[in-house]
2 protein chains.
Amino acid sequence: MTSPQAGPEGAPALGASRVTGTGRARTRAVPQATVARLAVYLRILGELVERGTETASSDELAAVCGVNSAMLRKDLSYVGSHGIRGVGYEVGPLLRHLESALGLTHRQPVALVGIGNLGHALAGYGGFGGRGFPVTALFDVDPDLVGIKINGIVVEHARDIPQTCRERDVTIGMIATPAPAAQGACDLLVRAGVSSILNFAPVVLQVPEQVEVRKVDLAVELQILAFHVARRHLAGSDLSGHDGSAQHSLRGVRPAPDPGRDTVNRHAVVTS
Amino acid sequence: MTSPQAGPEGAPALGASRVTGTGRARTRAVPQATVARLAVYLRILGELVERGTETASSDELAAVCGVNSAMLRKDLSYVGSHGIRGVGYEVGPLLRHLESALGLTHRQPVALVGIGNLGHALAGYGGFGGRGFPVTALFDVDPDLVGIKINGIVVEHARDIPQTCRERDVTIGMIATPAPAAQGACDLLVRAGVSSILNFAPVVLQVPEQVEVRKVDLAVELQILAFHVARRHLAGSDLSGHDGSAQHSLRGVRPAPDPGRDTVNRHAVVTS
DNA sequence: ACCTGTGAAGATTTTCACAGCA
DNA sequence: TGCTGTGAAAATCTTCACAGGT
């Protein structure tokens, strides 16, 4: 599985449409792989807007996003065609169109359970709010943590998850607890009515089917990479010192290398 | 894309085999999606071993891993069949077999570039070493960070990446820098001979084709979940309070709910 | 009787390649 | 002439369903 760049994958469908596969189909099916890529296109478009770029062809966008241009066009076609033949796409309008297609028109309050090592980093990262996902509630069970403030948010006891999440209209939950506590945290979030969960704990969560869970497992990512390392060893040593990327253009944005093989996962937002 | 549980995806092939898709095929192709799932099976098997479980059928394992039993059997068949008809799989031997199939027989020293918010959390997380991925080198460009120690490892200046990584036989690099610095960090890692990179920065990295990059982009994950939330809204309100998971068995390990739709990404290892 | 290993069928996803509009 | 939008072909990945051991 390699698309833009390997990572997690899968995703639901959009608008009144449905995602290919699960559930009864109705309007139009948007492949899950497509939804994941649309999120990537969205970010790239945002960067282009900041750069002042007004239009871009599918070839240019695809190069920057690391995908095949035909795939990018097909992906965009699932949410309606807005390109101009012979010209390309208008960056700004396309950006807004994708935002509404992906349901990013409203802010989605996020709750974070587990304020340990990673949880602290996630809570302290300011990038979520800027992207429409304000971290609105923090939970843990450690008495030393309950009560402290991080970025202005008070850490509450996990037992208050149901009530607090409902009060603050939390729609997305993130679990960064130790593995043994993850299912319990998940159950509480579900009871709070949260239907989308991003799970960082190395556990396969049990949830009712209407709940969507996405998992980020760093150990698994490393193992996949380790497999790659092992495979290269068997293949024979490499040759060059490296750097074979051909500078491309589009106002300084470097194009992506080979499209990929995997299907969905993408980049990270928690930077330094 | 939903398999065990949605997340990033894609992965290379194993042993003398190759991954479906990219490259010239030789021995046998192991689907990238399969490699990602094998890593999950591996973790679950480890848990079962700790529990003292000696054998498990594909149905039991599949339930715990959140996949279809036929898929689990087929996945295992790609690395050689070691099950016992009428009985199931011997947990211990299968675990060891998968470890060698995934190339996890050696430790893979990891280098981390970017000791900011997330980087600190990753550097402080002790779970990597236990899983065979000791964080062996830390880098940043901030004078206030260079020189400090985290878990016994001294943070070095990023300019030393090539030399230090070679000295310590780093095979995997993790990038947790701010987006603008990611490509530079990547170039240095590549120059150091690192062929596998886990990228947390929201950028599509440009790398020579022999380098494998996996991306973890939290913003994209949240957007995918947001899409799910939006879709549910259009569909109609939910009904129950929740918790529809049917307790299953296999010594306390709860089975997984509906298999998924996405294809690759998986769980996280950085817990509280 | 139970459970694995798999060919074959079915679903999805990706890539081709080209008609058609600007 | 350039580039989008897409039907159709190709490639992948999943699920079926059953032959074959134990």
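Computed from a predicted model, the values in this text were never measured in an experiment. Naming: A, B, ... by sequence-line order, numbering from 1 per chain.
- The CG atom of L76(A) sits 16 Å away from the C1' atom of dT13(C) (whole-angstrom rounding).
- Applying the side chain to side chain donor-acceptor pair (under 3.5 Å) rule to H106(B) yields no partners; only residues at least two apart in sequence or on another chain are considered.
- A close approach under 4.0 Å does not occur between any side-chain nitrogen or oxygen of S58(B) and OP1 or OP2 of dC3(C).
- Tested against C186(A), the residues V213(A), V211(A), I197(A) include a single side-chain contact (heavy atoms from CB on, under 4.5 Å) partner, I197(A).
- The salt bridge (Lys or Arg N to Asp or Glu O under 4.0 Å) contacts involving residues 63-79 of chain B comprise R37(B)-D75(B), where partners must be two or more places apart or lie in separate chains.
- For the pair D59(A) CG and dG2(D) P, the interatomic distance rounds to 12 Å; values are reported in whole Å.
- Rounding to the nearest 0.5 Å places CD1 of I224(B) at 3.5 Å from CZ of R214(A).
- Taking only side-chain nitrogens and oxygens, Y78(A) never comes nearer than 4.0 Å to OP1 or OP2 of dT13(C).
- The nearest whole Å value for the distance from the CG atom in L72(A) to the P atom in dT13(C) is 17 Å.
- Going from atom CG of L218(B) over to atom CZ of F133(A) covers 11.0 Å, rounded to the nearest 0.5 Å.
- Remark: S81(B) is in phosphate contact with dT6(C), judged by side-chain N or O atoms under 4.0 Å from OP1 or OP2.
- Rounding to whole angstrom units, CG of residue D75(B) and C1' of dG5(C) are separated by 13 Å.
- Of the residues in residues 90-98 of chain A, none lies under 4.0 Å from DNA chain D by heavy-atom distance.
- Taking the nucleotide of DNA chain D with the nearest heavy atom to each of V87(A) and A70(A), the more 5' of the two is matched to V87(A).
- For S57(A), the side-chain contact (heavy atoms from CB on, under 4.5 Å) partners two or more places apart in sequence, or in a different chain, are D59(A), E60(A).
- Remark: S196(A) pairs with I172(A), E212(A), L225(B), H228(B), V229(B) by the side-chain contact (heavy atoms from CB on, under 4.5 Å) rule, at least two apart or across chains.
- Taking atom CE of M71(A) as the reference point, atom P of dT13(C) lies 10 Å away to the nearest angstrom.
- If you run side-chain contact (heavy atoms from CB on, under 4.5 Å) between Y89(A) and each of T55(A), I84(A), L61(A), only L61(A) comes through.
- The listed nucleotides are dG5(D), dT14(C), dC13(D); the one nearest the side chain of Y89(A) is dG5(D).
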Distances for protein N/O vs nucleotides 18-20 of chain C N/O pairs under 3.5 angstrom?
from    : atom 1 : to     : atom 2 : distance (Å)
dG20(C) : N3     : R85(A) : NH1    : 3.3

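- Rounded to an integer number of Å, the gap from CG of L61(B) to C1' of dC2(C) is 16 Å.
- Judged by closest nucleotide on DNA chain C, K74(A) is the one of K74(A) and I84(A) placed further toward the 5' end.
- A donor-acceptor pair under 3.5 Å links the side-chain atoms of N199(B) to the main chain of V203(B), judged by distance alone.
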